[in-house]
Amino acid sequence: MTTGLDVAVLVGLQAAGKSTFYEQGLSSRYELVSKDRFPRGARNKQQRQMRLVEEHLAAGRRVAVDNTNPSPREWGPLVDLAHARGATVTAYWFPPDPAGSLRRNAARAGRERVPDVGVLATLKQLRKPSPADGFDMVREVRFDGRGGFEVRPEPPHTAGPPGYAPGHSDADEGGH
């Protein structure tokens with residue numbers, strides 16, 4: 001696949017930093033699709049999301065899908081659509097930190113705040129994405145302690161200690 005098209009699928013709990021990561025690291029290169037931006041009473045949110053992703057890809061634009069996307073049930077159709085359009089699919093995995101997500105979520109106001117039970121229900125469904133799920137690349141995203149993020153490819157399964165990824169620098173991610 002050499003189209004340069006990519007679908008970035010953000011995978012993680014509510015209040016894990018996904019939207020902030022999009023703004024800091026992807027917004028200059030990717031169009032955003034998020035069910036959170038749909039009206040609260042909108043119907044057929046999944047169909048609407050898929051239509052918007054399809055429209056962006058058809059127009060030759062990269063797209064980031066900023067939802068919890070906790071399992072293959074949610075990300076599978078995105079992977080299939082991207083590949084059907086000749087795009088690669090990159091999963092951005094935000095390892096779960098339930099206490100941190102609940103703390104950050106509690107600081108939210110209005111519609112932004114999710115009931116704690118919603119965060120905990122997502123945690124039960126949450127599964128780490130892998131290339132076996134059809135992703136062309138899986139990148140792990142963590143807070144860097146300085147208001148930004150550290151992004152690294154999924155560690156190789158046969159070489160080096162956990163987290164070791166030879167030949168990668170944060171510069172590859174635009175410093176985010």
Side-chain angles (χ1 to χ4, degrees), residues 1-23 25-27 29-98 101 105 114-115 117-142 149 151-158 162 165 168 173 176:
M1 293 180 218
T2 59
T3 63
L5 287 177
D6 185 57
V7 174
V9 180
L10 283 58
V11 180
L13 293 176
Q14 298 90 335
K18 297 180 306 297
S19 296
T20 302
F21 171 75
Y22 169 79
E23 288 300 324
L26 299 177
S27 63
R29 299 174 289 140
Y30 288 77
E31 299 298 324
L32 176 65
V33 173
S34 173
K35 292 177 186 175
D36 291 344
R37 300 179 106 197
F38 300 164
R40 192 179 265 310
R43 298 170 67 186
N44 302 317
K45 289 183 181 183
Q46 178 64 18
Q47 289 175 335
R48 185 176 183 178
Q49 171 180 278
M50 296 300 288
R51 187 181 74 249
L52 290 171
V53 171
E54 170 93 28
E55 289 171 4
H56 285 303
L57 292 174
R61 296 184 296 259
R62 294 175 171 188
V63 61
V65 181
D66 177 11
N67 297 312
T68 57
N69 298 307
S71 71
R73 180 174 176 226
E74 290 78 21
W75 69 56
L78 294 165
V79 169
D80 292 343
L81 173 60
H83 287 160
R85 281 286 187 178
T88 57
V89 190
T90 304
Y92 288 89
W93 165 243
F94 294 73
D97 171 13
S101 284
N105 183 53
V114 178
V117 68
V119 176
L120 298 174
T122 300
L123 179 62
K124 288 181 183 179
Q125 298 175 36
L126 190 64
R127 185 166 82 67
K128 181 179 181 179
S130 80
D133 296 309
F135 290 103
D136 296 288
M137 183 175 296
V138 176
R139 295 185 174 189
E140 184 176 286
V141 181
R142 294 186 182 266
F149 296 90
V151 180
R152 58 183 165 211
E154 180 178 89
H157 297 289
T158 57
H168 176 77
E173 295 305 314
H176 298 286

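Just so you know, these numbers come straight off a predicted model, no measurement behind them.
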Considering residues at least two apart in sequence or located in another chain, which fulfil the salt bridge (charged side-chain N to carboxylate O under 4.0 Å, His left out) criterion with Asp97? none

Could I get the full list of side-chain contact (heavy atoms from CB on, under 4.5 Å) partners for Leu123, not counting sequence neighbours? Leu13, Pro96, Pro98

Less than 4.5 Å apart, side chain to side chain, heavy atoms only: is that true for Val65 and Val7? yes

Mind checking what makes side-chain hydrogen bond (donor to acceptor under 3.5 Å, both in side chains) contact with Gln46, not counting sequence neighbours? Lys35

Measure the acute angle between the ring planes of Phe21 and Tyr92, then classify it against the limits of 30° and 60° as parallel, tilted or perpendicular. tilted

With a 4.5 Å limit on heavy-atom distance, are the side chains of Thr68 and Gln125 in contact? no

Within this structure, what is the OG-CG distance for the pair Ser19 and Leu10, rounded to the nearest 0.5 Å? 8.0 Å

Where do Gly134 and Val79 come nearest, in terms of heavy atoms and distance? O-CG1, 3.7 Å

In short, Leu57 meets Ala82 closest at the heavy-atom pair CD1-CA, 4.1 Å

Main-chain N/O of Asn69 paired with Arg73 side-chain donor or acceptor, under 3.5 Å: no

Given side chain to side chain contact (heavy atoms under 4.5 Å, CB included), test Thr88 with Met137 step by step and report yes or no. CA-CA 8 Å; Thr88 57; Met137 183 175 296; over 6 Å; no

Starting at CZ of Arg142, measure out to CZ of Phe94 and round the result to the nearest 0.5 Å. 11.5 Å

Backbone of Ala8 reached by a side-chain donor or acceptor of Thr90 within 3.5 Å: no

Partners meeting side-chain hydrogen bond (donor to acceptor under 3.5 Å, both in side chains) with Asn105 (sequence neighbours left out): none

Residues at least two apart in sequence or cross-chain that pass salt bridge (charged side-chain N to carboxylate O under 4.0 Å, His left out) with Glu54, listed by chain then number, are Arg85

Is there a side-chain contact between Pro70 and Arg127 in this structure, where contact means two heavy atoms from C-beta onward sitting under 4.5 Å apart? no

Show the nearest heavy-atom pair for residues Asp6 and Ala87, with the distance to one decimal. N-CB, 4.1 Å

Sub-4.5 Å side-chain heavy-atom contact between Arg152 and Val141: no

Work out which heavy atom in Ser101 is nearest to a heavy atom in Ala15; give both atom names and the distance. O-CB, 3.4 Å

Residues which pass side-chain hydrogen bond (donor to acceptor under 3.5 Å, both in side chains) with Ser71, listed by chain and number, not counting sequence neighbours: Glu74

Mind checking what makes ring pair (Phe, Tyr, Trp, His ring centres under 6.0 Å) contact with Tyr22, not counting sequence neighbours? none

Nearest 0.5 Å please: distance from the CG atom of Asn67 over to the OG1 atom of Thr122. 10.5 Å

Got Leu126 and Val11 here, is their nearest side-chain heavy-atom distance under 4.5 Å? yes

Under the ring pair (Phe, Tyr, Trp, His ring centres under 6.0 Å) test, residues paired with Trp75 that sit two or more places apart: Phe135

Any Val151 side-chain heavy atom under 4.5 Å of Glu140 side chain: no

For residues Val9 and Pro129, determine if any side-chain heavy atom of one lies less than 4.5 Å from a side-chain heavy atom of the other. no

Output every pair passing salt bridge (Lys or Arg N to Asp or Glu O under 4.0 Å) with a member in residues 55-66, not counting sequence neighbours, ordered by first then second residue. Arg51-Glu55

Any chance you could measure Met50, atom CE, to Asp80, atom CG, to the nearest 0.5 Å? 7.5 Å

Could you report the tightest heavy-atom contact between Asp133 and Lys128, atom names first, then the distance? OD2-O, 4.1 Å

